[in-house]
Every structure is written in C-alpha cells, then in structure tokens.
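Each chain gets a letter, A, B and so on, in the order the sequences are listed, and its residues count up from 1. Since this is a predicted model, take the numbers as computed values, not measurements.
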Amino acid sequence: MSKVTTLEEAAASIPDGSTVAIGGLSMNSAPMALVRELVRQQKKDLDLVAIVSGMAVDWLVAGGCVRRVLAGLVSFEGLGLAPNFRAAVQSGQVAIEEYSEHLLICRLQAQSYNLPFMPTKAGLGTDVLGLHAESGAVREEKDGPTGEHYVACTRLPVDVALVHAHEADERGNTRVNPKLVWMDNEIVNAATRTVASVERVVDTAAFTAEPERTTYPRFMIDTVAPAPMGAYPCSSFPDYGHDSGFFTEYSQAARDRETFTQFFQERVLGPETWEDFLAVNSVATGASA
Amino acid sequence: MSKVTTLEEAAASIPDGSTVAIGGLSMNSAPMALVRELVRQQKKDLDLVAIVSGMAVDWLVAGGCVRRVLAGLVSFEGLGLAPNFRAAVQSGQVAIEEYSEHLLICRLQAQSYNLPFMPTKAGLGTDVLGLHAESGAVREEKDGPTGEHYVACTRLPVDVALVHAHEADERGNTRVNPKLVWMDNEIVNAATRTVASVERVVDTAAFTAEPERTTYPRFMIDTVAPAPMGAYPCSSFPDYGHDSGFFTEYSQAARDRETFTQFFQERVLGPETWEDFLAVNSVATGASA
Amino acid sequence: MSTPVLGYDCTIDELMVVTFSRAMANDTRAFNGAVSFIPVCGYLLARRTHAPELVWGASSIAVDADPDEIGDSTLSDSLWGGASMLSNSPFDFWSYAQGARYNTFAFRGAQMDAYGNVNNTVIGPYNAPKVRLPGGGGMADLGAMIPRIYLWSSTHDPRTFVDQLHFRSGIGWGDGGDHRERMGMPGGPQLCITNLCVFDFEPSSKRMRLASLHPGVTAEQVQDATGFEVVMPDGDVPTTAEPTAEELHILRTEVDPTSARLREF
Amino acid sequence: MSTPVLGYDCTIDELMVVTFSRAMANDTRAFNGAVSFIPVCGYLLARRTHAPELVWGASSIAVDADPDEIGDSTLSDSLWGGASMLSNSPFDFWSYAQGARYNTFAFRGAQMDAYGNVNNTVIGPYNAPKVRLPGGGGMADLGAMIPRIYLWSSTHDPRTFVDQLHFRSGIGWGDGGDHRERMGMPGGPQLCITNLCVFDFEPSSKRMRLASLHPGVTAEQVQDATGFEVVMPDGDVPTTAEPTAEELHILRTEVDPTSARLREF
C-alpha cells in the first residue's frame, strides 16, 4: 500500500486542534508546501512546535490557524522579525510557550525515549525556567549525590511532524541529500505520525543501492507528499537556497495590513496548486531535478 | 602538525592504570592492531570499557594487562565464550563491573554531556542494578511528578578511546565507510583522548570532497595510527568480514594452558610488526585497498 | 544435529522457526541480537509468507535486509544484503528501541524462569561463579523497552528452565502479575518456543503456560524437563501446528539454504 | 553604513572584526548562530592569520568551512563551502556543545546587562510586550555549556546596554561573582566588543570593565552610552589596537569581499 498522496490530502488528514511540529531550521528546509496547504484549508487552533523557525510559523499565524507556539526562536534572521508572529504575540491573539532550542529538544527526547524527563544544563540561570514553574513542563532540579543543578524536561506529545526531504519511495523510506544536518529527526521521533514532503518519489532500489544514506526508515514515515521545491521560499540544501527576495517583499508588505492581505492572497494562498504557487513566484522547478 | 603516528607510539602513549574504552561491537570493527600493541607493551592494570566485546578483551586479559572490565557483554557469539576472560573472572584475577549495553552507554553520555546522570529504563527489574547499589554508579530512582521508575546513570570518565576506522587525514578528520553503524562515537565523545587506527591515511581533500561522510571532526581525534586490516580477526565492514577460523583456532588452543601460551605467542604477540602478524595469519592485505 | 519431528515432514529446528514465524503479525517491527538464528529465520520466513510488511532490522542495523544466506554471526554484516537502510546504533537504533518504534525482540538465556526472565551472566554465585557467561548485553535494556518479547530455547531441560535464576540479566514479566506495568514497561513476553513445546503466559500470574506440544511430546515430559511448575491450560493441550510444504520449502531454499539455524542445536 | 575610525585606516566594522579575531587563540573551537557576521568574519580572519588551527563550525554544521563569500544568513548553506565535515545538529553538534568540545561561542542581544546576560525575547513586560523579539534560541543553552563566550554589539547605547534586562534569555555571568561556578557551568563571557570600546569582565564581580577605547572615544562617552555603571580599570585605558594592513587586506579581499558584515550596522 503506497504512502504517497497529495499535499491536499496530507494536509486534510490533520485535524483542527492538533499539535503540529514543523521541521527545518530558520530559513532552511522548512516544509512550506505542507504549511501553505494547512493555511489554505483554514486549520484552526493548532499548537505549533517549532524549534527554530520563521516563515512557516508566520504563514500559519497570518492564516489564523494557530492557538499556541512552542518555540525557541521565530525570526527572519537578519531580514527582520516575523511580522505576523510578532503582532499576534504582542496582541495576545496567539499564545507563546517559551523555550530555548535545547529545552525543547530535550522535551521531544523525553517523549521519544519514553522517559519522565530528559536532563540538560540548558536554561539554567535564565528567565525561561520561571515561565514553566506552574506547568512543570521543564523544572530546575538538584542532583542528590553531586548537588549539581540541572533542568528536567518532561515529555512533549506531538500529534504530527511535518518535514521536508529530498526523496522517498512508496513504502515511506525517506532521505535527505546528502545527509540530514538539521534536527528534524527529533520531531519525527517524538511524533505519533509524520508527513514528509519530498522533492521527488523514487524507486525503493534507490535506497537499497545506498542504504547508508537513508534518513528515516519506512516505519517512521506515514505519509509522503511530493512537492518539488517544497521548501520554497526556504532552502533545501544543496538543491536550492532560500529566496531573500521573497522574505524582503513579504516583510515590506506586512508593514501595512491591507497590503499584506493582498500580498498573502496573491503570492501565497491564492494559487490553486503548489505548481501554480511556484509559477506565481517565478520559481523555476528545474533546480530540484 | 600531523597526528599520524605508528601503532607502537600510539600504544606507548597510554600509561598503565588507564581507563581504556574499546570500540567495535562483538566481532565487528574492534581496534585489534592497537590492542595487540598494548599487549606487546605489557600494559598493566587497565580498566577496560567495552560495551559489547570479545576478542579484544580476551587478548588484553590473556596478556595480563587488565585490572577490571566494565562491560555489557563479552563473548565470541555462537563461536563460544571468551576463554581467558571467562577464566580470569571465575578465578577472581580480573574484576568485572557489570552493565547492560544501554546502562553503559548512558554513563558515557552523562560524561560527554557533562550531566550528573542520564536517565534510562534499561536495567529496571534486573539484578544488574543491585550490583551498583554501593558505588551508586547507576541507581534506581522514582520521578516525583509521575512516580515513574528510571535508572540514573552517572558519569564514566574515560582516559582514552580506541577505535578503528577506514580513513583519516593528517589533521585527524576521520571516517568510517560507508558510515558509522556501531556505537563508537559514544566512547569517543566521552573520552579525554581518542586514538584511531585506520585502514589508510588520505588527503584532506578526500574529506572536503564529501564532507557529509566525515564521522569524526579533527578536534575529536588526537592520534591516527595506520593499520591496514587493523580490525583483523574482527571485521571492518564493508572491506572484510571477521575470520571465523581464527576465532575457532583460538578457542581450541585455549582449552589447554600450554597450547594457548604457544598459540598466543606465535600467532598474536610474536610477530614484530602488524604486517608480520598479518603474514603469520595468512591475511592478504589487498582486500582493504 | 537436529532431529526429525515425529509425524511431521520436518526437523525440530524447522518446526521452531515456522512456529516463531507464524507468531509474527504483519505489523511486526523486529530486530535481532547475537546468536539469534531461529528468530532471524522466523522474521525472514514471516515476511515471505503471511507478513509482507514486517520490518526486520538485521543486527539492529540493516532495515529490511534480505541476505542470500545467513552466516555464522547474527550481528555481522553478512546479514545485511539488500537492506534499505543502514541505521546507526546510538542515533537511530536506540531512539527507535526506547520509544518502542521497534516493537518486537527475541532473546534466550542459559537459564529462564517461569516469568520469562533470563540469565546469561553467571552459573553459580555471582561473586564466585562456576561459569562466567557473556553477560546480559542488551537484554536488560530491551526487555524493559520493547512490548513484544519472544523467548526460545533449543535445550528444554531443567538446567535451562529453572525455578530460581542465578542472576536476572534480562527482564521478562519480572516478578509476575502487574510488575512490568508498575515499572512503566510496555507489554512483555508473548511466547516461549522450545524444542519440546510452546509456552504462552497465563494472563494474571504471567507464568509460563503450556500452549501447544510438539508431536510426540507429552505434558508430563514437558513438566519433567522444566524446573518450575508449568501452568496447564483448561482443556486439552493442542499439538503445535504442522508447517506447510510451502513454509518448509521457502525456509530451506530461500531463507536459510545453508542451515545456519542448526548452530543453535 | 559603517563609519571610518578616527586615525585608523579602517571602518568600525573592520576594527570590530579585527579585535574579535585577535581574541581568538589557536585552540579555539568555535561555531556560530544567526545574524553573526562579526564573529564569522572574526573566526575566518583569525584562521588566516595568527590561529591556523582554529576550528569553526559554520552554522554549527560545516566544520572548517571556507566560503568564497558570506551570504545574507549565517545559518545557511551559502556559508559551508570547503568544509571537511557536515555535522548533524542533534547527533554531532549537541554532543560537542554539551561537552564543551566546542569551546567558543558569541552572541548579542537586543539588551545586555553588566554581567553579559542578554535579552532577545521581549521589550517590555513579558506578558504584554511592547516588542516581541525572536526569542533566545540557543543562547540559554550555549551560555550554560560553552566556556568561552564573546559578546558584541554594533549599537552601543543605553537602550542596548541596560541595568535591568526585561527578560534574561541567555546567561552570561548570571548574577555575577561565582554564580556560574555554583551552577556547574564552565567559564563565562570573556569580552564584549562594541562600536565604542572593548569590555572585559572584572574578575571577582564579573561586571563589564572598560578594557580599551576605540580611537576618538572617551571613557565618559562609554559611560554615557551605557545604562549601568561601567567598571573602570586601574590606570589608563588603552586605545584599541590598530588593525594591520595585512589583516585589513585579508578581511576585505578574502574573508568578506562583499562586506556582509555591514548587515550588522
């Protein structure tokens, strides 16, 4: 039974109110084609887990899909703040659950390793820990024998992880070329279910020919959605880089509400298919072949 | 400054009484050329950390080099028990500090992550934990909020890790072909110093040409010792498999003390160089080219 | 080395492999450790017959391996041919194991008790052993992490099946009852397949219970060969089902043409 | 965008890079995060001058990278050319970071206090922020793990250098004194390099202390631009050393020919 489906169906399988973890790091390797489809389908009340993110979170917030963001960092790096995320948090429209990168990673690891907590020294001595005093999601502890301080990061259940990769076969074997450098495997391991968008579907023989290059075995990937240039406007190393022009235009449009609404509709949500979206944004798909 | 040296000098740099972690798993990828040199140099009072091992531990025990073995498993798999290890533990000549694989891995992780302990569910409900009640090296705990049981594995300092790999450059960049499958990185990360024996020394350009294949960056490897077929009689996937014949002859010789002493001298310790050793054991070195 | 099974057109190693194979559901995600020829043959046979989606990580490394033959080590690369992934032990394998993404593991021991706990560490007192065995390896880990545990033994005798282990290296159902559940461990041992019979586990006590007898073996023989009291089921004990000709053919010609499984006998 | 330094044949961005570079010892093992153009230029310059063995993991991924030029993101693959290793974030990087195998990291923040703690989370009250900033990212992690921390700022003014952070996103010397040591954290902030001066940290209080003044800047100007009381050293404050022609040439033509460093100004 093939795990390959469309972006539309993959997104449709994610109910409102889900906890959705978004792969990639900052402007790199984010599953933008899947994210766009979630926004188009007007998902509601999503809790987003995004270790270090930017445009993906901003689209979902702009689309009104988000209840809460669990993140270490959301920005466009040197190209500015993520404008809709910023505005929504400032107005209280979207809740933020504040972490550092490693605190969030350790919560994901506690989940995937089936442990009550994972320890780290991350966050000690900062104001991040105080924000979790009531929930106990992460808590400062002192080791009995040594007296050393550490932070116990409790399990973080994730309903679905969305990641972008280069190639998958129909069975779900998936790989990132030339290798996974970011931390997507942390969300894949923690999630109940994983949807991978891929640049292309290949035969299983491509995996058996170079089994050392497989990133996720078939039993870790539930759904495969083909999406050439599927991380655009973010990068998918080494095939294509992020499109700074898109980030800049997006940020400029966001200075004015009406301008942004129009930009978002024309440039992001309006195009019917992912291929239409790429065409509207003048993206050549040859680069990913 | 080149990190490349001889097996003899690499072994000479390891003082008596050191805690030495041995790479590889069972009959696979053990740093046998380095181990042989340690025995030839008559090291004393070594504490061996060997997650899952066999012939490497048996040579060192046979050579009288070992004070204590910290291990999860020592055997020749279906080819029998490790005879000198078995005899030395039974007679009390060598101390054993008993772990499971994952308890030992977690102690190494606590060390490399600079944490007072790493948690795991490994070992719960077994007699292994009771053996550590006095030292507290691993201890059963109960998580406050959830009441869940876990095992806290404390730091395990390692003086030197010995691993076998395929290729290194003079700077210490090192890789396993086609990729690292065993858990050698756990001992490399935990050790103060690492010595890698390698099938061959290559130019740095080999690493920059395929940077995704580098297993250890130069700052994790302190010493590189060329040793073609350096894992023999263990395997070095995919270049050569283990030599079952050697394991069988060795086990048979070990049934009688005098026979073994002669076998060990003639077949293992006697040959002056590693190349002589390979010749005595009729090993063709072409396979590793 | 192995003996024919009375009335069945197969030998005992073949009956054990086929019985193991049939216990594997299509959603099995298994891997194997050292000296595990019977389970390895069982996974490969199940995948070629009733469980095409079964996942097997050879040596815990090579996912979906399909070797031409089985060598003399079930931890070595001779088992890895045809794999679609070579995973890494710390990064991939232990993540999948701890979270029970792999759901099936099989182990045996020099001693096993009524609850499916095993000893592979020492015979005799721990501090002055008569025989120092290899050690528990991953048993203490995987016994606690993996929900579907299978046990097997080709030496069903009172020295192997004992009332008191000399050392508990790996956990099965622990002290029985709800012990695993209380410790937060998923599942537990499902079956123990021996050269005489098949045991399952009585649901409340979690003690070994006679599930089927191999042809020609009686319940009394099983009890005599077992150092603890065997739970007898209500009603008659069935005979272990006969392998089909197809199963035997595939086992003999495709899965294990060199009869590596006999290394366990 | 950047201004010439009075009396030196360079601009302020160049002086900051060269000063950063000179602080890097030959045994530096560094990596970088987002929007870190000054440190990235500093690592590359140091490696090409006095610290040939310096390790730099570009974006924490690409070890020994040697890019032709620096793009508009210091987290992206445009920075990875010539690397001898592409490491993986969870498997490799976090192992090296937690164990301080990487020993050097640099960060800046929208606010910094006298102890080198930084805020990159909010301006204003946390629950009703005037400006929601990106968040601390790895600062809270790496501040606690890495022994040699360097701070920098291209906007030395009282809004950046504050007496009280609105939120402590990343730890420098914490509450000062032996706070880090008590928490089991290695080392701490070494220098803070700004567009006006260089601070080091007074050894016992761990407060920022004026170490050198850029040409034309006075100690009074620094104090006026700083929202907390600056520790003044005993004796005269030296002028920040002048870059050599060679350093400037290498920076301008080899390290950063497109002046990506000006993105910080």
Student: Tell me, for D:V55 versus chain B, whether the close heavy atoms (under 4.5 Å) come from the side chain, the backbone, both or neither.
Tutor: both

Student: For D:M85 and B:Y216, run side-chain contact (heavy atoms from CB on, under 4.5 Å): C-alpha distance rounded to whole Å, both residues' side-chain angles, the deciding distance at 0.1 Å, then the answer.
Tutor: CA-CA 8 Å; D:M85 178 181 192; B:Y216 309 109; over 6 Å; no

Student: Who passes side chain to side chain donor-acceptor pair (under 3.5 Å) against B:E170, sequence neighbours left out?
Tutor: none

Student: Output the distance between atom CG (D:L86) and atom CD (B:E210), rounded to the nearest 0.5 Å.
Tutor: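 Going from the CG atom of D:L86 to the CD atom of B:E210 covers 11.0 Å.
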
Student: Say you draw a straight line from CE of B:M220 to OG of D:S95; how long is it, rounded to the nearest 0.5 Å?
Tutor: 8.0 Å

Student: Closest heavy-atom contact between B:T208 and D:G82?
Tutor: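 Residues B:T208 and D:G82, closest heavy atoms: CG2-O, 3.4 Å.
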
Student: Looking at chain B, which one of D:A83, D:G99, D:A100 has the largest number of heavy-atom pairs inside 4.5 Å, strictly under?
Tutor: D:A83

Student: Can you tell me which residue pairs pass the salt bridge (Lys or Arg N to Asp or Glu O under 4.0 Å) test with a partner in residues 73-85 of chain D, sequence neighbours excluded?
Tutor: none

Student: Heavy-atom cut-off 4.5 Å, strictly under: side chain, backbone, both or neither for B:A190 against chain D?
Tutor: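 Interface part for B:A190: backbone (N, CA, C, O).
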
Student: Among B:N114, B:L115, B:N189, which residue satisfies the side-chain contact (heavy atoms from CB on, under 4.5 Å) criterion with D:Q98?
Tutor: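 In the set B:N114, B:L115, B:N189, the residue that makes a side-chain contact (heavy atoms from CB on, under 4.5 Å) with D:Q98 is B:L115.
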
Student: Give a yes or no on this: more than 12 heavy atoms of other residues, nucleotides or ligands lie within 6.0 Å of atom NE2 of D:H249.
Tutor: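 Open: at most 12 neighbouring heavy atoms sit under 6.0 Å from NE2 of D:H249.
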
Student: I'd like to know if the side chain of B:T214 and the backbone of D:S84 have a donor-acceptor N/O pair within less than 3.5 Å.
Tutor: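 Yes: the side chain of B:T214 pairs with the backbone of D:S84.
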
Student: If I measure from the heavy atoms of chain B, does D:D64 come under 4.5 Å with its side chain, its backbone, both, or neither?
Tutor: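 The side chain, not the backbone.
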
Student: Between B:R171 and chain D, with a heavy-atom cut-off of 4.5 Å, which part of the residue counts as in contact: side chain, backbone, both or neither?
Tutor: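 Just the side chain, heavy atoms under 4.5 Å.
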
Student: Mind listing the side-chain donor-acceptor pairs of residues 181-188 of chain D below 3.5 Å, one per line with the distance, residues two or more places apart or on another chain?
Tutor:
from: D:R182; atom 1: NE; to: D:D178; atom 2: OD1; distance (Å): 2.9

Student: Would you sort out whether D:R101 and B:F219 count as a side-chain contact (heavy atoms from CB on, under 4.5 Å), showing the intermediate values?
Tutor: CA-CA 8 Å; D:R101 299 300 190 135; B:F219 58 88; 4.1 Å; yes

Student: Are the side chains of B:S112 and D:Y96 in contact, using a 4.5 Å heavy-atom criterion?
Tutor: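 Side chain of D:Y96 against side chain of B:S112, heavy atoms only: no contact under 4.5 Å found.
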
Student: Anything in residues 148-165 of chain B with a heavy-atom distance to chain D below 4.5 Å? Please list those residues in order.
Tutor: none

Student: Chain D heavy atoms under 4.5 Å from B:R218: which part of the residue, side chain, backbone, both or neither?
Tutor: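 Contact with chain D is through the side chain of B:R218 alone.
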
